[in-house]
2 protein chains.
Amino acid sequence: MPEEKTKVLLAEDDKNLGTILRTYLNAKGYETSLYVNGDEAFKAYRKEPFDFCIIDIMMPVKDGFTLAGEIRADNEDVPILFLTAKSMQEDKLKGFDLGADDYITKPFNMDELLARMKAILRRAKAGKEDSEKQVFNIGSYTFDHNRQLLIHNSNEQKLTSRESELLYLLCKNANQVLDRREALKEIWYDDSYFNARSMDVYIAKLRKYLKSDPSVELINVHGIGFKLVTGK
Amino acid sequence: MPEEKTKVLLAEDDKNLGTILRTYLNAKGYETSLYVNGDEAFKAYRKEPFDFCIIDIMMPVKDGFTLAGEIRADNEDVPILFLTAKSMQEDKLKGFDLGADDYITKPFNMDELLARMKAILRRAKAGKEDSEKQVFNIGSYTFDHNRQLLIHNSNEQKLTSRESELLYLLCKNANQVLDRREALKEIWYDDSYFNARSMDVYIAKLRKYLKSDPSVELINVHGIGFKLVTGK
DNA sequence: ATCGCGCGTTAAAAAATGTTAAAGCTGCTA
DNA sequence: TAGCAGCTTTAACATTTTTTAACGCGCGAT
């Protein structure tokens with residue numbers, strides 16, 4: 001399967017540097033479009049989406065900060081990397097609060113630029129996978145495993161780590177039996193007598209938290225484990 | 001493919017300590033050669049290249065500073081770590097500007113020595129191939145690891161080194177659990193009780209800095225570590 | 001039915017963490 | 001070199017989380 005090329009928007013007013021960069025990035029497998037000021041770049045951006053933006057801060061007509069702000073207003077996920085002059089004062093970078101992912105100071109090594117791009121893209125990708133389905137609906141409850149939060153009618157119950165991990169396993173096995181030993185090995189790394197009793201204590205706690213919705217039940221399967229029955 | 005072992009040059013005149021160190025490092029997978037003075041060490045160095053140098057400063061015939069200088073003159077990249085006596089004044093080391101990567105004071109813990117070696121080697125490696133991302137977006141905050149700055153609504157909070165390093169590790173593991181011990185070994189080189197408590201103090205500080213955005217949370221995972229949960 | 005074992009539940013004990021402040025260090029400056 | 005300022009560690013105490021203990025009940029096999 002032919003992999004989709006990453007489209008790079010490059011906004012750089014120095015034609016010399018810009019051309020070199022574009023050539024370099026194209027050689028590295030990126031589909032790079034060069035624009036010599038923020039205005040042109042934004043016009044192009046509106047016509048077609050890009051996967052990555054490299055923006056020089058100091059440009060005529062429309063500077064890099066403004067351009068980045070406009071792009072961010074439209075899309076808060078697309079990675080943005082700034083090119084800054086070495087002379088730029090720290091306080092100027094202060095305004096650099098609009099969700100740029102990184103910056104690099106001129107003059108820079110093109111390999112380093114590439115390395116940073118890759119790091120950002122890798123991270124963005126990982127971020128998407130991470131934030132997958134960690135949120136479950138349990139009857140009228142909502143459980144956010146990542147935040148360790150159990151929400152019911154706009155009131156939030158913070159869960160402890162153990163509570164959250166146990167509820168997470170139960171949710172993954174909703175309406176199925178969660179085996180005691182499995183859970184113990186997963187959370188306590190060892191199914192000893194005391195850990196088993198500890199788990200029972202947590203089951204009791206979860207029942208308390210979940211008692212507001214009678215259609216949700218946490219029932220025991222004698223000698224086997226527990227089952228989270230969600231009402232619907 | 002068999003991985004190439006890291007070759008370590010160890011210059012230490014105390015034969016007792018030197019032998020123990022060599023044995024320890026060899027057990028940890030480093031190919032270690034021991035020399036009892038700077039002269040012998042440099043002769044060996046000219047014959048074959050090393051990947052890492054551990055040099056005692058006070059040695060007969062040719063002292064550690066001289067040896068390090070000679071090695072640096074030949075190769076400005078090879079990592080050098082000094083062993084110093086406790087009595088040695090800080091300012092003597094400071095004046096020595098021959099590109100040592102670190103030093104450790106006798107008597108030292110061998111695990112700590114190893115941890116520092118690993119840190120230095122990791123940095124050297126990272127610098128070459130994959131310079132890491134250093135600007136992170138944490139909810140409505142922007143964290144610049146390089147400048148040790150935490151920016152929110154165009155107001156800057158300067159961070160101390162420890163704060164910045166810890167936040168950096170947390171960001172690299174955003175929405176994942178950062179293991180306590182990992183962080184301690186990375187930043188404090190040693191996970192002792194007091195270092196762990198120190199880390200807790202820094203966690204509290206970071207929480208204060210980050211409290212302006214309620215969608216950002218720094219939650220504890222009991223007995224394991226911490227997790228930086230970013231809004232979005 | 002009844003006996004043993006697994007489970008429900010609550011509370012106390014133990015361990016880990018939260019938080020604040022003071023003590024220790026280091027580098028800088030007058 | 002004394003003193004100050006910033007940073008880190010240590011100390012002390014508060015709070016939270018987890019584990020252990022204790023007691024009682026009910027399921028299920030005999």
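Below, chain A is the first sequence line, B the second, and so on; all start at residue 1.
- Minimum atom distance to the side chain of A:Ala204 is reached by C:dT9, of the listed C:dG18, C:dT9, D:dT18.
- In the set D:dT20, C:dC7, C:dT20, C:dT20 carries the atom at the smallest distance from any side-chain atom of B:Lys208.
- The OH atom of A:Tyr193 sits 16 Å away from the P atom of C:dG4 (whole-angstrom rounding).
- What separates CD1 of B:Ile219 from C1' of D:dT17 is a distance of 14 Å, to the nearest Å.
- Each of C:dG18, D:dT20, C:dC7 was ranked by its minimum atom distance to the side chain of B:Arg207; first place goes to C:dG18.
- Across the interface with DNA chain C, nearest-nucleotide mapping of A:Phe226 and B:Asn220 shows A:Phe226 to be the residue nearer the 5′ end.
- Taking only side-chain nitrogens and oxygens, A:Thr160 never comes nearer than 4.0 Å to OP1 or OP2 of D:dT16.
- In this model, the phosphate group of D:dT8 is not approached by any side-chain N or O of B:Trp188 to a distance below 4.0 Å at OP1 or OP2.
- By the 6.0 Å and 45° rule, B:Arg116 stacks over the aromatic ring of B:Tyr189.
- A salt bridge links A:Asp191 with A:Arg181; the closest basic N to acidic carboxylate O contact falls under 4.0 Å.
- In this structure, B:Arg162 atom CZ and C:dC25 atom P are separated by 15 Å, rounded to whole Å.
- In this structure, CZ of B:Arg197 is placed 14 Å from P of D:dC13, rounded to the nearest angstrom.
- Taking the nucleotide of DNA chain D with the nearest heavy atom to each of B:His222 and B:Val201, the more 5' of the two is matched to B:Val201.
- Distances from the side chain of A:Ser198 to the nucleotides D:dT19, C:dT10, D:dT18 place D:dT19 closest.
- Straight-line distance from the NZ atom of A:Lys211 to the C1' atom of C:dG8: 14 Å, rounded to whole Å.
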> A:Thr66 and A:Asp63: side-chain hydrogen bond (donor to acceptor under 3.5 Å, both in side chains), yes or no, with the steps?
Replying inline: CA-CA 6 Å; A:Thr66 308; A:Asp63 72 287; 2.5 Å; yes
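- As a whole-Å value, the separation of A:Met199 CE from C:dG6 P is 14 Å.
- The CD1-P distance, from B:Ile224 to C:dA16, rounds to 11 Å in whole Å.
- Nucleotide D:dC7 holds its P atom 16 Å from the CG atom of B:Leu166, rounded to whole Å.
- In this structure, B:Arg180 pairs ionically with B:Asp200, as a charged nitrogen and a carboxylate oxygen lie closer than 4.0 Å.
- We find that B:Asp14 and B:Arg22 are not joined by a salt bridge, their nearest charged nitrogen and carboxylate oxygen being 4.0 Å or further apart.
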